[in-house]
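Down below is the structure, laid out as structure tokens.
Throughout, a chain's letter reflects where its sequence line sits, starting with A, and its residues are numbered from 1.
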Amino acid sequence: MKDTCHQIPKQLVIRREKAQDCVVEKLGSISFTLAHRPKRVIQSSCVKQPLCHRGTTIFSRFSISSSIVSVADLVVPFPGETLSLRCGLIWCEALIKMVGGGVIQQILRRKLHSPSLATPVRSWFSSKTAHVDTGSSGVRAFALLGAGVTGLLSFSTVASADEAEHGLACPDYPWPHDGILSSYDHASIRRGHQVYQQVCASCHSMSLISYRDLVGVAYTEEEAKAMAAEIEVVDGPNDEGEMFTRPGKLSDRLPQPYANESAARFANGGAYPPDLSLITKARHNGQNYVFALLTGYRDPPAGISIREGLHYNPYFPGGAIAMPKMLNDEAVEYEDGVPATEAQMGKDVVSFLSWAAEPEMEERKLMGFKWIFLLSLALLQAAYYRRLKWSVLKSRKLVLDVVN
Amino acid sequence: MNLEKTDFNNTTSSVGLYFIVYSDRAEDEVVDPKKYLEESCKPKCVKPLLEYQACVKRIQGDDSGHKHCTGQYFDYWHCIDKCVAPKLFAKLK
């Protein structure tokens, strides 16, 4: 008997067994039917226990929890729905599953522990079924009530504060570098760097970018060297132990407007102009957000007043931003003669900031395209090989042999 | 070169002012494509605009400071943004 256990027989013999106390659920409902018919059980010589008994215990627990109506699905997301509402619904759902599941599992346990009492069990069971049905509908009603209360409580606070708090949702602009194989517009990056240098660098640092990063992306090496040489950099102690200043080199970082955050806050009325090296990755939907913010300075809506020192911008969370409108038509004169409108400067500076945050984007896209293609070929090959190997087992034949 | 930080918050974007500026200057005066598209998208977003104007009228008498038209304002500008966004970059270099 042990030897046959280790080989998977090519043909399995199916034996008929007598009626077992198997509880069979109908999927999608919480009612039970008792299987009182003779049940076919697939039993090989290896299995000690009929699969029916063991399997349905596990199966019943799983199917009960999945067959209970999911409360969260009943409530269609409505405008203004918040995280707290969803959490409330999920909590209610978990509660129902616990309560409902506990009731039903208790019944199951009692059922399975008294296998010999077929007839009395059945009558007891039918009465229990009725109880379970009314109980489950009661549980369901409780769940819906709980969901409704949670929804009402959170809805009242949602509509008033949410809109300005989150800021106006920014639209999606069709960036030239958006496609799966699209590169940056490097002319735009060059113009964007010019805008940054002339408009933004007076307040915003970009301390993670070096001049050498610009070589080959926006400027030639000579141009970058010349740009770097315009700044003064404090360098390490000399032989006499003193710090000295020298003109910049390619390896130096872009200059910072303020020595530290406190100085920046002091110079800007308490607000800190954030470092822009990673800003398009540091904000949700960063590229579209930054463009919308820079070009979105408008008059505030009726009833909103912004205090002195702040400015209204609908895209900024809360609406009151410390930065004034910086992009104005003709603020910069582009080297390549492109008209420097507000939208043009916004697009260029966001292209520059996108590159600064993700300089590896072009290489990443090329690599991604190549490897996804190769791996899908490998997937096809692996699928074929798996099916080839498994075809032996999957084409087995089963013979039904009735034992009297 | 430091930009003069002029306060542009109170500039109106009404059609009349826009066209006066346009006709006063020489022909090489740049026209901001975003402003132009926002104006041209106004007819598409008349409904939220009227809602906003109705709201403004409603809260005109109010002095409590708690009433505001942010919702209608957002609806209007969201409509305009949706209209402008696909067309804007075609007008830029």
- Does any heavy atom of chain A fall under 4.5 Å from the side chain of B:Glu38, the backbone, both, or neither of them?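 Interface part for B:Glu38: side chain.
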
- Message: Need one label for B:Tyr52: side chain, backbone, both or neither, based on atoms under 4.5 Å from any heavy atom in chain A.
- Response: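 For B:Tyr52, the contact with chain A is made by the side chain alone.
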
- Contact origin within A:Tyr315 toward chain B - heavy atom pairs under 4.5 Å: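 It is the side chain, since no backbone atom gets that close.
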
- Task: Select one option (side chain, backbone, both, neither) describing which atoms of A:Asp172 are under 4.5 Å from chain B's heavy atoms.
- Result: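 Contact with chain B is through the backbone of A:Asp172 alone.
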
When [options] are compared by non-hydrogen pairs under 4.5 Å with chain B, the top option:
options                                : answer
A:Pro339, A:Ala292, A:Pro174, A:Gly167 : A:Pro174
A:Gly296, A:Gly319, A:Gly346, A:Pro314 : A:Pro314
A:Ala187, A:Gly303, A:Pro301, A:Ala201 : A:Pro301

- Quick one: which residues of residues 84-91 of chain B reach chain A at under 4.5 angstrom, heavy atoms only?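 If one takes a 4.5 Å heavy-atom cut-off, the residues of residues 84-91 of chain B near chain A are B:Ala85, B:Pro86, B:Leu88, B:Phe89.
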
- Message: If I compare all heavy atoms of B:Asp81 with all of A:Pro171, which pair ends up nearest, and what's the gap?
- Response: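 Where B:Asp81 meets A:Pro171 most closely, the heavy atoms are CB-CG, 3.7 Å.
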
- Counting only N and O atoms by type, is there a donor-acceptor contact under 3.5 Å from the side chain of A:Lys347 to the main-chain atoms of B:Lys93?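 Yes, A:Lys347 side chain to B:Lys93 backbone: donor-acceptor pair under 3.5 Å.
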
- Quick check: does any side chain N or O of B:Asp32 sit under 3.5 Å from a backbone N or O of A:Ala343, one acting as donor and the other as acceptor?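 Here the side-chain-to-backbone pair exists.
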
- Message: Per the salt bridge (Lys or Arg N to Asp or Glu O under 4.0 Å) rule, what does the pair list look like for residues 68-77 of chain B, sequence neighbours excluded?
- Response: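 The answer is none; no pair qualifies.
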
- Task: Evaluate side chain to side chain contact (heavy atoms under 4.5 Å, CB included) for B:Lys34 paired with A:Phe291, printing each intermediate quantity in order.
- Result: CA-CA 11 Å; B:Lys34 191 160 190 253; A:Phe291 181 82; 4.3 Å; yes

- Message: side chain to side chain contact (heavy atoms under 4.5 Å, CB included) for B:Leu92 and A:Thr341? Distances and angles first, verdict last.
- Response: CA-CA 9 Å; B:Leu92 301 176; A:Thr341 56; 4.3 Å; yes

Atom [atom1] of residue position [X] - does it have more than 12 heavy atoms of other residues, nucleotides or ligands inside 6.0 Å?
X        : atom1 : result
A:Lys281 : NZ    : yes
A:Leu181 : CG    : yes
A:His177 : NE2   : yes

